[in-house]
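In the text below, chain A, chain B and the rest are named by the order of the sequence lines, each starting its count at 1. Any value given below was found using the heavy atoms of this structure, including those in side chains, with hydrogens, waters and symmetry copies removed.
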Amino acid sequence: MAGLNPRQEEACSYTEGPLLILAGAGSGKTRVITHRIAYLISEKSVNPYNILAITFTNKAAGEMRERVDAIVGFGAESIWVSTFHSMCVRILRRFHERLGGKNSFTIYDADDQKAAVKEVLRLLSFDEKQYPVRAMIAAISKAKESFLSPDEYDRQAAGNYRDQNVAKIYREYQKRLRSNNALDFDDLICKTIDLFMQHPDVLELYQERFRYIMVDEYQDTNHAQFVLVKMLAAKYRNLCVVGDDDQSIYKFRGANIYNILNFEEEYPDAKVVKLEQNYRSTSNILNAANGVIANNEGRKDKSLWTENPEGEKVLFTRYEDDRGEAVGVCKKIFDLMKEGHTLSEMAVLYRTNAQSRVLEEQMIRENIPYQLVGGTNFYARREIRDLVGYLKCIANPADDISLGRIINVPRRGIGDTTVTKMRDFALEHGMSLYDVLLDAEQVPGLSRSMAKISAFAELMQGFRREAEEGNLTILYDDILKKTGYREELERENTDEARSRLENLRELGNKISDYELHAEHPSLTELLEEISLVADTDEQEMGTDRLTMMTLHSAKGLEFPFVFMVGMEERLFPSGMSLDSDDPDAEEEERRLCYVGITRAKERLFMSAASRRMVNGTITYPEESRFIDEIPKNLLRREGRGEGRSSGNDPFGGRPLGRDSYGDRYYDEWQGTTFQKKAYGSDRNRRVPGAPVRPKATIQKGIPTAATIDYQVGDTVKHIKFGRGVVTEMVKGGSDYEVTVNFDTAGEKRMFASLAKLRKV
DNA sequence: GAACCCATCATTTTT
DNA sequence: TGATGGGTTC
């Protein structure tokens, strides 16, 4: 096996029986998995048809698919490479009838769940304050993960009034889902397990098929997933799990670290292979990570090492406040660019999404194109949810939740009162809301809105007929047109409306794209893809951009240059975790820190602010304990304060007004910053509902010297600062640093490649 | 039925 | 700070 180290080779060639691969960060895990599959096929003559590889995200599945295809060649397409959830959907689409359900079920996402729980609360007259929707969803999800049926949940709640009520909510929720012919994400796993338990013949069918099973990111599995894998692997026992307990950061969503920690107890004959050689980071970075993670107890014994050069020390900078931190990060980014590095080599990582705002604002001011990863999901946007609601409803009229969502969107005079009457009627007669819609004359007291209702019913029936004809692109366009959805937005004529229209166009593109490429396009399958495949944000190519995201989202990625910002007590580690009575909470934060550090290949910049606005209040955080845990000889400190300050005197005694801000930094960073004026005025706020990645800041095409048509003395126009005169142009790195004296904004320096200046 | 105001409450997130 | 949701008012 070419290019594999002995441990990696061992992991690839040990094919029979249970195998645990403890793959440290950057140890070539994906390579091992793909090589192992290739080995199974070419050396062990395993039929590709008998191999199953499970991952967590579609992205990971896609990447694995690609690499497996490349390395295996013939037969690769018959390997199942899949996420847990899509695997279960595939199975349930075939066998859900055996459980008394339909094979054509709808999948409910978080939003649908929320709506369903709300309905249940209303029905049972529970107060949302006492039984918050979020908490109820979490409780139901937890129950499902440990296979507690509503009845069992009720039994366990014995004597606990509140839990008994939660059981009632859970029971009603399940009832609701069933009558809506819908399954939520947890159901997908649980129902598959149910199926296997109740129908051993079906289980055996899949056991026979999946003789070799591999599970990636095993530390992220929850209990239900653990059981599912165990069942599938029970017959042939060729189960290979790959993971890193030190990178377990998803406990809050049910991941059970003991699945990996106790693998050897579950499978006493398991072989364990540790991949400890890191190929990613400099030794300084790696040892910093090792230093931090060593403070955790209860981890698998392993120590990562590398043959990579030492590299530079980790840099820790303490800034005056969050804004100063953003300025400082930008400055360092420019420094790196001057050294010839590109933005796509850099990432800014933070603990909470709320931190992105200040950073974004600064990036916009400094013309640094960036890409936000994560945040609001494309499919979570209102307009998208509305249109998907229509599609769901057309595909599955029993889906009361989706119908409820769109019945008066856009406004068509079917108001709350009317809908409530129809709902009550449906409930009373055991009908679906859609049934009632078609037959609304029966419902007493609807006379006034009757006309509106029949018009809408007619509209929906028309869509359903259209859906049967099968052209999804046309159907989608007709929905936009005939419901007046598009028209309403066009009339609005605001930035927000335009952005929504743009999103709707994007959805349209996705649908025609799906229709073009799918083997047998169907509305059901389209919706399945929409529900299951959330990673919609294809990289817009052609622009060199900085990546910004949470530490969680960064898992599995790597960048030459990484900024970890907000290294402050109670921000990171989060206050929530420090206040938690779960002793593992702090350790999970530490693992998150470990994940962050190990994303960096060449250089790691950490920073903290001495003053930060959190939830509308000013706080004076101490620097994070994790900074302390990095071995001193690997860390270089910079900026105000040495060591962990008490935080009592963050201003150095000077009062700090908002307006003095720019001046201070002007003093501090003169000659290097690109701002020469105070900049409190031009705050660039995100338009509500606008795409999370502000399109305006994403600049396509990098001007080269050839495309720069202005020179010193020319008047140019800037997208933000308006007109100005070029006073200086200096070649720096791969392009020009241009100084412009703006009419209104004063003098600023910027990179020609980023500033998008136009000669006027 | 829609606009407006006030109170409340704030990690992390994929499927 | 800011988003969100409920309640109120027109």
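Within 4.0 Å of A:D186, counting heavy atoms only, lies no atom of the nucleic acid at all. Contact annotation for A:E589: base contact, defined as any heavy-atom pair under 4.0 Å involving a base atom. Here A:F56 lies in heavy-atom contact (under 4.0 Å) with sugar-phosphate atoms only. Within the 4.0 angstrom heavy-atom criterion, no nucleotide atom of any strand lies near A:G575. Across all strands shown, A:S574 has heavy atoms under 4.0 Å from base atoms, whether or not it also approaches the sugar-phosphate. Residue A:D109 is classed as having no contact, given no heavy-atom separation below 4.0 Å to the nucleic acid. Residue contacts shown for A:S553 are limited to sugar-phosphate atoms, with no base heavy atom under 4.0 Å away.
Taking atom CG of A:D111 as the reference point, atom C1' of C:dG5 lies 14 Å away to the nearest angstrom. Atom-to-atom, NZ of A:K118 to C1' of C:dG6 comes out at 10 Å; the value is rounded to the nearest Å. One can place NZ of A:K114 at 20 Å from P of B:dT15, the figure rounded to the nearest angstrom. Rounded to an integer number of Å, the gap from A:Y108 OH to B:dT14 C1' is 20 Å. Taking atom CZ of residue A:F378 and atom P of nucleotide B:dT15, one finds them 16 Å apart after rounding to whole Å. Between A:D584 atom CG and B:dT12 atom P the separation is 19 Å, expressed in whole Å. Summarising the geometry, the separation between CE on A:M549 and P on B:dT11 is reported as 21 Å, rounded to the nearest angstrom. Distance CG (A:D184) to P (B:dT13): 20 Å, rounded to an integer number of Å.
In this structure, the nucleotide among B:dT11, B:dT12, B:dT15 sitting nearest to the side chain of A:S577 is B:dT11. In this structure, of B:dT12, B:dT14, C:dG2, it is B:dT12 that holds the atom nearest to the side chain of A:N353. Here the side chain of A:R351 is nearest to one of B:dT15, B:dT11, B:dT13, namely B:dT11.
Qualifying side chain to side chain contact (heavy atoms under 4.5 Å, CB included) partners for A:A135, counting only residues two or more places apart in sequence or in other chains: A:P132. Under the rule for a side chain to side chain contact (heavy atoms under 4.5 Å, CB included), the partners of A:L557 that lie at least two apart in sequence or sit in another chain are A:K59, A:M549, A:F559. For A:T30, the side chain to side chain contact (heavy atoms under 4.5 Å, CB included) criterion is met by A:R67, not counting sequence neighbours. By the ring-ring contact (aromatic ring centres under 6.0 Å, His included) test, A:Y218 pairs with A:F263, sequence neighbours left out. Under the side chain to side chain donor-acceptor pair (under 3.5 Å) criterion, A:R491 pairs with A:E487, sequence neighbours left out. Looking at residues two or more places apart in sequence or on another chain, you find a ring-ring contact (aromatic ring centres under 6.0 Å, His included) between A:F252 and A:Y250, A:H552.
For B:dT15, neither phosphate oxygen OP1 nor OP2 lies less than 4.0 angstrom from any side-chain nitrogen or oxygen of A:N222. A sub-4.0 Å separation between OP1 or OP2 of B:dT13 and a side-chain N or O of A:T550 is present. At the phosphate of B:dA2, OP1 or OP2 sits under 4.0 Å from a side-chain N or O atom of A:R411.
Within 6.0 Å of CG on A:D579 lie more than 12 heavy atoms contributed by other residues, nucleotides or ligands.
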Contacts under 3.5 Å, N or O only, protein and nucleotides 8-10 of chain C:
none

Name the pairs: protein N/O against N/O of nucleotides 6-10 of chain B, kept only if under 3.5 Å.
residue, atom, partner, partner atom, Å
B:dA10, N6, A:N615, O, 3.2

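Within the structure, side-chain hydrogen bond (donor to acceptor under 3.5 Å, both in side chains) contacts touching residues 118-129 of chain A (residues at least two apart or in different chains) are A:E119-A:R176, A:E119-A:R423.
Remark: ring of A:Y250 not stacked against base of B:dT14; the cut-offs of centroid gap under 5.5 Å and plane tilt under 30° are not jointly satisfied.
At a threshold of 4.0 Å, the pair A:K144-A:D186 does not count as salt-bridged, since none of the basic side-chain nitrogens sits closer than that to a carboxylate oxygen.
Along DNA chain B, the nucleotide nearest to A:N408 and the one nearest to A:L188 differ in position, and the one closer to the 5' end is contacted by A:N408.
There is a side-chain donor-acceptor pair under 3.5 Å between A:T352 and A:Q355. A:S580 and A:S577 form no side-chain donor-acceptor contact under 3.5 Å, judged by distance and modelled atom types alone.
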